*Asks:* 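There's a structure below that I have some questions on.
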2 protein chains.
Amino acid sequence: MSQGVEWALHCVVNLSYLESGRSGSRTRLAEYYGLSDAYLAKHLKSLVRAGVLVASTGPQGGFRLARAPEDITVLEVVEAIEGAGPSFLCTEIRQQGVCAAPPAACRRACPVAKVMYAADAAWRDSLRQVTIADLGRRVPKTYQKRGADWMRGTLVRP
Amino acid sequence: MSQGVEWALHCVVNLSYLESGRSGSRTRLAEYYGLSDAYLAKHLKSLVRAGVLVASTGPQGGFRLARAPEDITVLEVVEAIEGAGPSFLCTEIRQQGVCAAPPAACRRACPVAKVMYAADAAWRDSLRQVTIADLGRRVPKTYQKRGADWMRGTLVRP
DNA sequence: GCATTAGTACTCGGATACGAATTGTCCGAGTACGCCAGG
DNA sequence: CCTGGCGTACTCGGACAATTCGTATCCGAGTACTAATGC
């Protein structure tokens with residue numbers, strides 16, 4: 001799985017600590033976690049396209065949550081980076097080769113694919129049950145405040 | 001996810017139709033599904049290393065199941081190809097950057113990682129509950145027999 | 001003192017190189033079967 | 001007819017390229033604030 005998922009989740013959680021309407025800049029986020037500033041832009045852009053974040057330019061601009069933290073699931077963030085498509089892709093190899101099954105015999109989905117899709121659904125269900133607000137509460141209060149202060153620019157040094 | 005997972009699962013299911021002690025050759029498997037013969041070798045080798053299949057050389061040789069189909073889970077086959085490690089890898093970015101948390105404050109696992117690991121566990125549980133025998137039964141009997149016949153060399157043309 | 005306007009600094013966004021992992025292919029090592037020759 | 005040995009054909013296994021995806025980076029477009037200037 002892509003490493004960008006970890007970056008995106010941490011960034012979204014940190015942005016959730018800011019009061020509504022306030023934005024945190026890409027550079028601040030990158031410095032906070034020691035990430036590549038330019039590369040982080042790519043992932044944040046994906047989050048904007050997916051409707052998780054909203055971007056604004058100019059001074060005091062940056063990224064902010066598109067909705068309340070309670071209304072954003074972890075799954076949404078993950079799918080914004082990894083893509084919403086299923087991880088397993090059935091290429092219907094039963095319809096190929098010397099003993100290929102005719103399309104008429106393949107009205108039922110491939111049993112192999114069914115199992116993989118079921119596991120994929122279980123994975124998504126698990127991620128859908130946790131929101132960004134849930135995640136944010138599990139961070140020690142000290143770091144919640146420290147993150148918000150750094151994002152606002154109030155905090156110069158840790 | 002790697003495409004080899006689909007190949008491996010179909011091949012293992014097809015080998016499960018052979019009577020105990022009998023092997024199916026790599027070439028036969030590749031022709032049956034229209035796959036690349038040389039590349040399939042790589043995946044079958046992974047299955048041998050993982051203890052799912054047993055290989056034997058020489059005429060009448062090939063691959064056979066290392067255990068009964070009821071004792072091989074889908075998860076084992078998937079992990080043989082994809083690797084047993086978790087799909088999500090926490091790099092502890094909370095311990096990096098200007099506001100890095102000291103190691104002493106990180107005795108608890110990262111909340112982000114916890115959620116991802118839980119989803120990973122759900123995915124694995126789902127795959128662990130299905131065996132190769134289960135999967136084999138879900139294929140129409142006609143194709144079960146056709147696959148076995150082709151593996152034995154009895155069947156020349158579909 | 002106030003409004004206007006030009007400048008500046010800060011932000012995101014797309015286009016562009018680099019590296020690693022998956023995909024794909026080839027040739028060599030080893031083994032079991034079958035055939036042939038000798039007894 | 002039986003037995004031993006040799007050859008052949010078939011199998012897997014590891015080593016070697018090509019392509020795709022994830023990683024990493026730079027520079028340009030746009031906006032809001034600021035400050036200076038003229039009225």
Side-chain angles (χ1 to χ4, degrees), chain A residues 1-8 11 15 18 21-31 33-66 78 80-83 85 87-89 91 93 151-153, chain B residues 1-8 11 15 18 21-31 33-66 78 80-83 85 87-89 91 93 151-153:
Chain A
M1 169 161 314
S2 172
Q3 183 177 345
V5 171
E6 185 184 10
W7 295 18
C11 287
L15 289 174
L18 288 174
R22 192 138 192 174
S23 297
S25 83
R26 175 187 64 178
T27 306
R28 285 259 151 190
L29 279 170
E31 286 174 348
Y33 291 115
L35 309 177
S36 161
D37 169 64
Y39 184 33
L40 180 61
K42 197 161 204 164
H43 295 312
L44 293 175
K45 192 168 77 79
S46 298
L47 290 169
V48 171
R49 281 187 179 168
V52 174
L53 297 182
V54 172
S56 54
T57 69
Q60 300 300 320
F63 297 91
R64 69 177 191 274
L65 267 58
V78 173
I81 305 298
E82 290 285 299
S87 61
F88 179 85
L89 187 62
T91 59
I93 65 175
M151 281 301 131
R152 290 197 209 92
Chain B
M1 169 161 314
S2 172
Q3 183 176 345
V5 171
E6 184 184 10
W7 296 17
C11 287
L15 289 173
L18 288 174
R22 191 138 195 175
S23 297
S25 83
R26 176 187 64 177
T27 306
R28 285 259 153 191
L29 278 171
E31 287 173 348
Y33 291 115
L35 308 177
S36 161
D37 170 65
Y39 185 33
L40 180 61
K42 200 159 203 167
H43 295 311
L44 292 175
K45 191 167 79 78
S46 297
L47 290 169
V48 171
R49 282 188 179 168
V52 174
L53 298 182
V54 173
S56 54
T57 68
Q60 300 299 321
F63 297 91
R64 68 178 192 274
L65 267 57
V78 173
I81 305 297
E82 291 283 300
S87 61
F88 180 85
L89 187 63
T91 60
I93 64 175
M151 281 302 130
R152 290 195 209 94

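Everything numeric in this text was worked out from a predicted model, so none of it was measured. Sequence lines set the chain letters: A, B, ... in the order given, protein chains first and strands last, and positions in each chain run from 1.
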*Asks:* Ignoring the backbone of A:Pro59, work out which of D:dT31, C:dT23, C:dA32 is nearest its side chain.
*Replies:* D:dT31
*Asks:* Counting the atoms with a prime plus P, OP1 and OP2 as sugar-phosphate, which does B:Ala38 contact under 4.0 Å by heavy atoms, base, sugar-phosphate, or nothing?
*Replies:*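 Touches a base.
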*Asks:* Need to verify one output field. Residue with the more 5' nearest nucleotide on DNA chain D, A:Gln60 or A:Glu82?
*Replies:*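 Counting from the 5' end, the first nearest nucleotide belongs to A:Glu82.
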*Asks:* Between A:Glu82 and A:Val5, is any pair of side-chain heavy atoms under 4.5 Å apart?
*Replies:*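 SC-SC contact between A:Glu82 and A:Val5 confirmed.
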*Asks:* What does B:Gln3 touch in the nucleic acid at a heavy-atom separation under 4.0 angstrom: a base, only the sugar-phosphate, or nothing?
*Replies:*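 Since only primed, P, OP1 and OP2 atoms lie under 4.0 Å of B:Gln3, the category is sugar-phosphate.
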*Asks:* Nearest to the side chain of B:Lys42, which nucleotide is it out of C:dC12, D:dC12, C:dG24?
*Replies:* C:dG24
*Asks:* If you assign A:Gly58 and B:Trp7 each to the DNA chain C nucleotide with the nearest heavy atom, which residue ends up on the more 5' nucleotide?
*Replies:*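 On the 5' side of the pair lies A:Gly58.
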*Asks:* Among the nucleotides C:dT22, C:dG13, C:dG30, which one has an atom lying closest to any side-chain atom of B:Thr57?
*Replies:*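 The nucleotide sitting nearest to the side chain is C:dG30.
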*Asks:* Please state how far atom CG in B:Leu89 lies from atom C1' in C:dA21, giving the value in whole angstrom units.
*Replies:* 15 Å
*Asks:* CZ of A:Arg49 versus P of C:dG13: gap in Å, rounded?
*Replies:* 9 Å
*Asks:* Between B:Met151 and B:Leu29, is a side-chain contact (heavy atoms from CB on, under 4.5 Å) present by the stated rule, with each step listed?
*Replies:* CA-CA 7 Å; B:Met151 281 302 130; B:Leu29 278 171; 3.3 Å; yes
*Asks:* Evaluate the criterion side-chain contact (heavy atoms from CB on, under 4.5 Å) for residue pair B:Asp37 and B:Arg26; output intermediate values, then yes/no.
*Replies:* CA-CA 7 Å; B:Asp37 170 65; B:Arg26 176 187 64 177; 3.5 Å; yes
*Asks:* With a 4.5 Å limit on heavy-atom distance, are the side chains of B:Leu65 and B:Leu53 in contact?
*Replies:*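 Yes, close enough: below the 4.5 Å cut-off.
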*Asks:* Output the single nucleotide from C:dC12, D:dT23, D:dT25 whose closest atom is nearest the side chain of A:Ser36.
*Replies:*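 Of the options given, the side chain of A:Ser36 lies nearest D:dT25.
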*Asks:* Establish, with yes or no, whether the OP1 or OP2 oxygen of C:dC12 is under 4.0 angstrom from a side-chain nitrogen or oxygen of A:Arg28.
*Replies:*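 No, because none of the side-chain N or O atoms of A:Arg28 sits under 4.0 Å from OP1 or OP2 of C:dC12.
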*Asks:* Return the value, rounded to whole Å, for the distance between atom CG of A:Leu53 and atom C1' of C:dT11.
*Replies:*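 In whole Å, C:dT11 C1' and A:Leu53 CG are 15 Å from each other.
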*Asks:* Would you compute the distance between atom SG of A:Cys11 and atom CG of A:Leu35 and round it to the nearest 0.5 angstrom?
*Replies:*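 Answer for the SG-CG pair, A:Cys11 versus A:Leu35, is 6.0 Å.
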*Asks:* What is the separation between atom CG on B:Asp37 and atom C1' on D:dG13, rounded to the nearest whole Å?
*Replies:*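 My rounded result for the distance is 13 Å.
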*Asks:* Does C:dT22 have OP1 or OP2 sitting under 4.0 Å from an N or O in the side chain of B:Ser2?
*Replies:* no
*Asks:* Using whole Å, report how far CE of B:Met1 lies from C1' of D:dC21.
*Replies:* 16 Å
*Asks:* Atom CZ of A:Arg64 and atom P of C:dC12: how far apart are they, to the nearest Å?
*Replies:*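 Value for this atom pair: 12 Å.
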*Asks:* Which listed nucleotide (D:dG13, C:dT25, C:dC10) is nearest to the side chain of B:Tyr39?
*Replies:* C:dT25
*Asks:* Taking the side chain of B:Lys45 as its heavy atoms from C-beta onward, which of D:dT11, D:dG13, C:dT11 lies nearest to it?
*Replies:*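 In terms of side-chain proximity for B:Lys45, the closest of D:dT11, D:dG13, C:dT11 is D:dG13.
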*Asks:* Quickly work out the A:Arg26 CZ to D:dA29 C1' distance and round it to whole Å.
*Replies:* 13 Å
*Asks:* What is the distance, to the nearest angstrom, from the CG atom on B:Leu15 to the P atom on D:dC12?
*Replies:*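 Checked: the CG to P distance equals 10 Å.
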